[in-house]
Amino acid sequence: MKKTFSFIIVATVAGTFLAGCLKDDDNYIDYTEAPPAVQFLYAKHDGTRVIEAFDLAAEPQTMNLNVSLASNGPLSGAASAKVNLIANAAEQYNTAHGTEYEQLPANTYSIPQHTVSIPAGQTSVNFQVKIQSDKIDLAKKWMIGFQLADGSGAVVPANFGKIFIEVVIKNDWHGTYRAVGTFLHPSAGPRAISEDKELITTGPRSVMAPLGDLGGANYYMIMTINADNSVTITPAGVTPNVDQSWGPNFYDPVKKEFHLNYSYNVAAPRIVDEVLTFSSR
């Protein structure tokens with residue numbers, strides 16, 4: 001099955017994005033005064049893109065784009081919009097972020113319908129895209145994008161009406177892991193880590209994971225599994241830096257465990273030691 005990891009990256013802190021309630025610089029909309037709006041909604045987003053990961057399979061898999069309604073109160077009628085493909089999404093994203101994505105080929109997906117309607121009394125619906133993962137070249141980085149347009153019964157806000165999605169095929173380390181360990185703050189002292197973490201494919205031998213116990217605040221790390229099973233950690237999201245000199249960082253393929261020792265913030269290091277044990281795909 002497809003596993004969704006959404007870093008929602010819209011000038012905000014991942015996990016605190018609430019439709020229509022978040023101030024996004026000059027694009028802020030106060031829905032007590034503004035008309036209802038339809039927009040893309042993900043619980044987490046890293047500010048620039050969403051990552052959708054799929055199993056390698058012959059049968060089509062469904063990618064659900066969540067389209068939500070932001071309004072001052074329930075509507076008496078339906079709100080609708082067109083969902084248009086951004087034909088040059090990869091080019092737009094590369095220009096803005098200095099990346100090297102390619103546009104997802106047309107033969108690797110299908111769109112059953114190009115409109116979405118949110119019925120009266122409902123706050124969101126899913127817009128479906130069918131992904132044919134066995135036709136995707138695993139050696140390349142792929143991007144697809146969508147733009148809401150022609151809203152009926154609601155407007156389409158400029159800041160949340162567009163979405164860029166990186167489409168990846170799950171590697172061997174993708175999945176849910178149980179994380180246990182300690183987060184040592186330089187002034188507040190230690191606190192225990194005990195949570196489930198979703199590790200999401202970002203490359204053939206790399207996954208993205210929440211940093212320490214700060215994932216809800218957009219602190220992430222990229223873990224690259226080297227040929228000798230040592231692990232190289234690099235910052236992602238708002239993580240400023242990573243120092244992994246505090247101990248060994250490696251993956252145990254027998255136990256399916258990551259053993260990690262690292263810190264961030266050079267001036268006053270926040271030190272993390274944790275073990276991530278695989279629990280489910």
Side-chain angles (χ1 to χ4, degrees), residues 1-10 19 38-46 48-69 78-94 99-119 122-152 156 160-176 198-204 207-208 280-281:
M1 294 178 63
K2 187 268 293 180
K3 194 89 170 176
T4 301
F5 185 81
S6 311
F7 304 113
I8 282 186
I9 301 177
V10 188
V38 288
Q39 57 195 34
F40 290 115
L41 173 65
Y42 280 75
K44 297 179 181 177
H45 192 298
D46 74 354
T48 62
R49 79 199 187 289
V50 169
I51 296 177
E52 293 277 9
F54 298 86
D55 291 321
L56 183 60
E59 66 276 7
Q61 297 167 75
T62 301
M63 176 169 67
N64 287 314
L65 306 186
N66 191 279
V67 180
S68 72
L69 176 68
S80 63
K82 289 183 179 179
V83 184
N84 295 328
L85 180 74
I86 302 175
N88 65 338
E91 180 183 353
Q92 285 189 32
Y93 191 89
N94 291 339
T99 49
E100 296 182 352
Y101 289 97
E102 295 189 34
Q103 189 77 13
L104 190 67
N107 69 333
T108 65
Y109 64 91
S110 61
I111 302 172
Q113 61 179 27
H114 287 268
T115 60
V116 63
S117 179
I118 303 175
Q122 195 166 321
T123 58
S124 67
V125 294
N126 285 328
F127 176 81
Q128 293 191 342
V129 181
K130 298 293 184 179
I131 299 294
Q132 194 66 54
S133 63
D134 62 343
K135 295 182 179 180
I136 295 176
D137 185 344
L138 307 186
K140 298 180 179 180
K141 297 183 67 175
W142 300 108
M143 178 71 66
I144 191 171
F146 296 93
Q147 170 75 63
L148 294 171
D150 300 334
S152 177
V156 176
F160 298 133
K162 183 182 292 187
I163 194 167
F164 293 91
I165 302 168
E166 179 181 353
V167 176
V168 301
I169 306 303
K170 298 176 187 177
N171 63 27
D172 292 340
W173 300 274
H174 188 111
T176 301
E198 190 176 4
L199 273 56
I200 304 301
T201 298
T202 58
V207 286
M208 178 175 280
S280 66
R281 181 72 166 177

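- Side-chain contact between Phe40 and Ile165 is absent, with no heavy atoms from C-beta onward closer than 4.5 Å.
- Ile86 approaches Gln92 most closely through the heavy-atom pair CG2-NE2, 3.5 Å.
- Note that CD1 of Ile131 is 13.0 Å distant from CG of Asp55, once rounded to the nearest 0.5 Å.
- The two atoms that bring Leu69 and Val38 nearest to each other are CD1-CG1, 4.3 Å, heavy atoms only.
- Side-chain atoms of Ser133 come within 3.5 Å of backbone atoms of Ala57 as a donor-acceptor pair (strictly under, hydrogens ignored).
- With Ser68 contributing its side chain and Ser124 its backbone, the two residues share no donor-acceptor pair below 3.5 Å.
- One finds the CZ atom of Arg49 at 8.5 Å from the OG1 atom of Thr99 (value rounded to the nearest 0.5 Å).
- Ring geometry for Phe164 versus Tyr93: interplanar angle of 30 to 60°, hence tilted.
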Taking it one step at a time, do Ile144 and Leu85 satisfy side chain to side chain contact (heavy atoms under 4.5 Å, CB included)?
CA-CA 8 Å; Ile144 191 171; Leu85 180 74; 3.7 Å; yes

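- Between Phe146 and Ile111 there is a side-chain heavy-atom pair separated by less than 4.5 Å.
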Using side chain to side chain contact (heavy atoms under 4.5 Å, CB included), reason through Val156 and Gln39 one step at a time and then give a plain yes or no.
CA-CA 6 Å; Val156 176; Gln39 57 195 34; over 6 Å; no

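- Between the Asn126 side chain and the Gln128 main chain, no donor and acceptor come within less than 3.5 Å of each other.
- Across Lys130 and Pro112, no two heavy atoms sit closer than the pair CG-CG, 4.3 Å.
- Residues Leu199 and His174 form no side-chain contact, since every pair of their non-hydrogen atoms from C-beta on lies 4.5 Å or further apart.
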Under the side chain to side chain contact (heavy atoms under 4.5 Å, CB included) criterion, do Glu91 and Gln103 qualify, and how do the steps go?
CA-CA 8 Å; Glu91 180 183 353; Gln103 189 77 13; over 6 Å; no

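- Without hydrogens or angle criteria, Glu100 side chain to Asn94 main chain gives no donor-acceptor distance under 3.5 Å.
- Here CD of Gln147 is found 7.5 Å from CG of Asn84. Values are rounded to the nearest 0.5 Å.
- Side chain of Thr108 to backbone of Lys135: no donor-acceptor contact under 3.5 angstrom is found.
- Screening Asp134, Val168, Val167 against Phe54 for a side-chain contact (heavy atoms from CB on, under 4.5 Å) leaves a single residue, Val167.
- Once rounded to the nearest 0.5 Å, the distance linking NE2 of His114 with CG of Asp150 reads 13.5 Å.
- Under the 3.5 Å distance criterion, the side-chain polar atoms of Trp142 are left unmatched by any main-chain donor or acceptor of Pro105.
- Looking only at side-chain heavy atoms (C-beta outward), Ile136 and Leu104 come within less than 4.5 Å of each other.
- Using a 4.5 Å heavy-atom threshold, the side chains of Lys82 and Thr115 count as touching.
- Rounding to the nearest 0.5 Å places CZ of Arg281 at 7.0 Å from CG of Asp172.
- Taking the side chain as every heavy atom from C-beta outward, Phe160 and Leu148 never approach each other to under 4.5 Å.
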